[in-house]
4 protein chains.
Amino acid sequence: MSADPETPLRADAQRNRDQIIAAARAIFASHGPEVPMEEIARAAGVGVGTLYRRFPDRDALIRAVAVDNFAGVLDDAKRLSVEAPTAWDALVQLLYQGAELQLSMQLAMLSQRAHEILKNDPEVARLREAVLLEVDDLVLRAQAEGSLRKDVGAGDVAVLFARIVRQLPAHRLKMPELATARSIAIMIDGLRAGPVTPLPGRPIGKEDLL
Amino acid sequence: MSADPETPLRADAQRNRDQIIAAARAIFASHGPEVPMEEIARAAGVGVGTLYRRFPDRDALIRAVAVDNFAGVLDDAKRLSVEAPTAWDALVQLLYQGAELQLSMQLAMLSQRAHEILKNDPEVARLREAVLLEVDDLVLRAQAEGSLRKDVGAGDVAVLFARIVRQLPAHRLKMPELATARSIAIMIDGLRAGPVTPLPGRPIGKEDLL
Amino acid sequence: MSADPETPLRADAQRNRDQIIAAARAIFASHGPEVPMEEIARAAGVGVGTLYRRFPDRDALIRAVAVDNFAGVLDDAKRLSVEAPTAWDALVQLLYQGAELQLSMQLAMLSQRAHEILKNDPEVARLREAVLLEVDDLVLRAQAEGSLRKDVGAGDVAVLFARIVRQLPAHRLKMPELATARSIAIMIDGLRAGPVTPLPGRPIGKEDLL
Amino acid sequence: MSADPETPLRADAQRNRDQIIAAARAIFASHGPEVPMEEIARAAGVGVGTLYRRFPDRDALIRAVAVDNFAGVLDDAKRLSVEAPTAWDALVQLLYQGAELQLSMQLAMLSQRAHEILKNDPEVARLREAVLLEVDDLVLRAQAEGSLRKDVGAGDVAVLFARIVRQLPAHRLKMPELATARSIAIMIDGLRAGPVTPLPGRPIGKEDLL
DNA sequence: CATGAATGAGATTTCATTCAT
DNA sequence: GATGAATGAAATCTCATTCAT
């Protein structure tokens, strides 16, 4: 009756799907992408069977979570690009909000496993591309504003971002949020235009990220 | 003559032990702490049995690798503290050499699994303590020298260090070493004394790391 | 409707569970409690995975078999206590049926391994208790009837029972059932009231069994 | 120099051999014949290598322990046969001393594994044969004396013996020696000539034991 | 000879995925 | 559709036996 592959899911099925993605996101973030599927299903309050009906295998689930997450980053970036008073402000806020985004990064850049899975996914590629485009735009504009040092590229920011933006395991620190905020602030001071020391090599652009 | 519980291993056994740790270090670094034990054994050129004779289970192996690695960091820190012309230089070089050290950090701070294992190991605790002590000393001296901003503590440096010093998965970047060097340089610019923006909260000291 | 932790198993699952216990009982009886789990699974006609889903490890399986078996003994004892014309007859028949019971005994009293596992299981403890209570009752009544020698207690009977009622490895005897029946008969003659020689020590009661 | 296969061992080698057998006997008795070879070696105070030099594999060790043990039983039986005032007394004492002998029996009759190993060993066969011959002699003489019931054979006694003479795991009982003594006494009362109930089947002779 | 290190086959256990209910 | 049971391949770990020191 509705053989359309894009038929929206029935309400309850959609709810299940959302719960699964939310559960998977939380668990991937705290325990990495190797957790038993059964555990994810349990956290989502569904049976494994349901999980597998929605996502044919672990890879599909990882992909779905990554897409969901990258889409969030892209939204943020676009919104900030428009709403923030300056490009520099947009960048700064994007970095501060980064804590929210750590998962995408973790999945995309940390786990060899996840990377293999994601690197050939066209949807993920498209979103990555779009995010980098936004960042590139912000970088150029912030440099034009004179607030961002000239010798960095979008790639530098992305790399730094990926490094900083990883939530350190909360259990290692008494005040994880504060520590993250301070790391970001120090990094921002390092990015600020002014009396800087020269960086080695040349700017890393968005084309340098594979 | 050798009833000593610390009897040194027979020459060949010691060689095997070293090979195993080296192999494990390399593999943990590139694939995380979940790789099959058999793969580690193969990489070390020994049978699984040998691996298990030396390290009763995966946890013991992870501990041994971490200890080995932390000991290396400590050596570096001590050497630099004495040899570098200034405390600031020592810090900077320690951070640049950090690439070498990424594994300890990865094990100690990134993988939930590894963290659980290491947090109760007294040997690891002792080494961590010693490293933090060195860093604390460098921080205070560099601040006295006037080259390090005053509003950071050893904990800030350690946290930043742990974040920056992570080997970004080589597969994500055309020029990983350069990208790392640039990240560190930006961070160092952010740490440098001078016209800085105030950081949120208060300095994170070595006591703030659990 | 089935949030109950004791939710009855699905029909097929229950069937598998029964098959596993039956297979395990048979194999434990003939080969002891160390047989490969895979062999038990094969005998039960299921995969190892199924076995492990039902019983998380070997110990759990051993416990389940023991409980099943003790429950059988208890049923027999209760039935005989009521149906047999005299308490003495009930005891005698219980002993003769002992061949059926050898497994509980073997598990409970013979294998060090199994004993360690069972001694802390409350379900097993409860059943043991109940069986001993029945035996104690039969002993007292048979002594009152004048057919059982006065200088023995339920503990003596249980101990003797445990010793006699062991299936001698079939391979050692041309006629194992006959041999067992004769052993029991001789033992019964030894228990019978009449011109007996005094026993060393004092009666061993049910409280003397730990 | 002494290629004679029967060359007596050097003093220290003989000491090692004895220690190994003693250790193996103790461990087999308490933990069955499946204990790790390394554990036996440790208990004997030698390295595994030494154990394996003396006994090419586990089977050889089991055989050696069994031979050692059967030889002890045979000695006892022969001595008692001569020294005890009557054949009945000899039998009774042999049974009481049985606790000492439990190991042979355990090895020979309980573990399927051990049985397979022992059944084809000519040395063991010879000793078994000899023991049964002694018991048969005692049985006939005790019956001639009028003290042993007529309807039993050497096989009956051996079977009963094997059953009774198993040391119940000490941990199950507050007073294991007493319990054993009482079991034996009851069994002896059952064997005594007098007003007995008829046994099923026919006497089990020594030829009936395979 | 004695020792204990190395090996690898086999046992235990876990978990991704399929399928009956 | 949803559920959770069953499966078996793959990982972990143990231990009998061999062999270098």
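In what follows, chains carry the letters A, B, and so on, assigned in the order in which the sequence lines appear, proteins first and then strands, with residues in each chain numbered from 1.
- Rounded to whole Å, the distance from CZ on B:R17 to P on E:dG4 is 18 Å.
- C:Y52 and C:D57 get closest at one heavy-atom pair: CE2-CA, 4.1 Å.
- Nucleotide F:dG4 holds its P atom 24 Å from the OH atom of C:Y52, rounded to whole Å.
- We find that CG of C:D57 is positioned 15 Å from C1' of F:dC13, with the value rounded to whole Å.
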Subject >> side chain to side chain contact (heavy atoms under 4.5 Å, CB included) between D:F70 and D:E123, intermediate numbers included >> reply: CA-CA 10 Å; D:F70 268 116; D:E123 182 75 352; over 6 Å; no
**OP:** Could you walk me through whether C:N16 and C:R54 pass side chain to side chain contact (heavy atoms under 4.5 Å, CB included), step by step?
**Re:** CA-CA 9 Å; C:N16 275 336; C:R54 216 45 76 200; 5.7 Å; no
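- Distance D:R15 CZ to E:dC1 P: 14 Å, rounded to the nearest Å.
- Comparing B:V35 and D:P56 by the nucleotide of DNA chain F whose heavy atom lies nearest to each, the residue mapping closer to the 5' end is B:V35.
- For E:dT13, the paired base is F:dA10 (Watson-Crick or G-U wobble, both distances below 3.5 Å).
- The distance between atom CD of C:E38 and atom C1' of E:dA9, rounded to the nearest whole Å, is 14 Å.
- Between the CZ atom of D:F55 and the P atom of F:dA16 there is a distance of 16 Å, rounded to whole Å.
- In this model, the phosphate group of E:dC1 is not approached by any side-chain N or O of D:R53 to a distance below 4.0 Å at OP1 or OP2.
- With a 6.0 Å radius and a threshold of 12 heavy atoms from other residues, nucleotides or ligands, D:E34 has its CD atom above the threshold.
- Closest to the side chain of C:V48, from the set E:dT17, F:dA11, F:dA9, is F:dA9.
- Not one side-chain nitrogen or oxygen of C:T50 sits closer than 4.0 Å to the OP1 or OP2 atom of F:dA5.
- Remark: C1' of E:dG8 and CG of B:L51 are 14 Å apart, rounded to the nearest angstrom.
- At E:dA2, one or more side-chain N or O atoms of D:N16 fall inside 4.0 Å of OP1 or OP2 (strictly under the cut-off).
- Under 4.0 angstrom from either OP1 or OP2 of E:dA2 there lies at least one side-chain N or O belonging to D:R54.
- The nearest heavy atom of DNA chain F to B:R58 and to C:G47 marks one nucleotide each, and the one closer to the 5' end goes with C:G47.
- With rounding to whole Å, C:M37 atom CE is found 19 Å from F:dA9 atom P.
- Base pairing of F:dC19: its partner is E:dG4, meeting the Watson-Crick or G-U wobble criterion (both donor-acceptor distances under 3.5 Å).
- Atom CD of C:E38 has 12 or fewer neighbouring heavy atoms from other residues, nucleotides or ligands inside a 6.0 Å radius.
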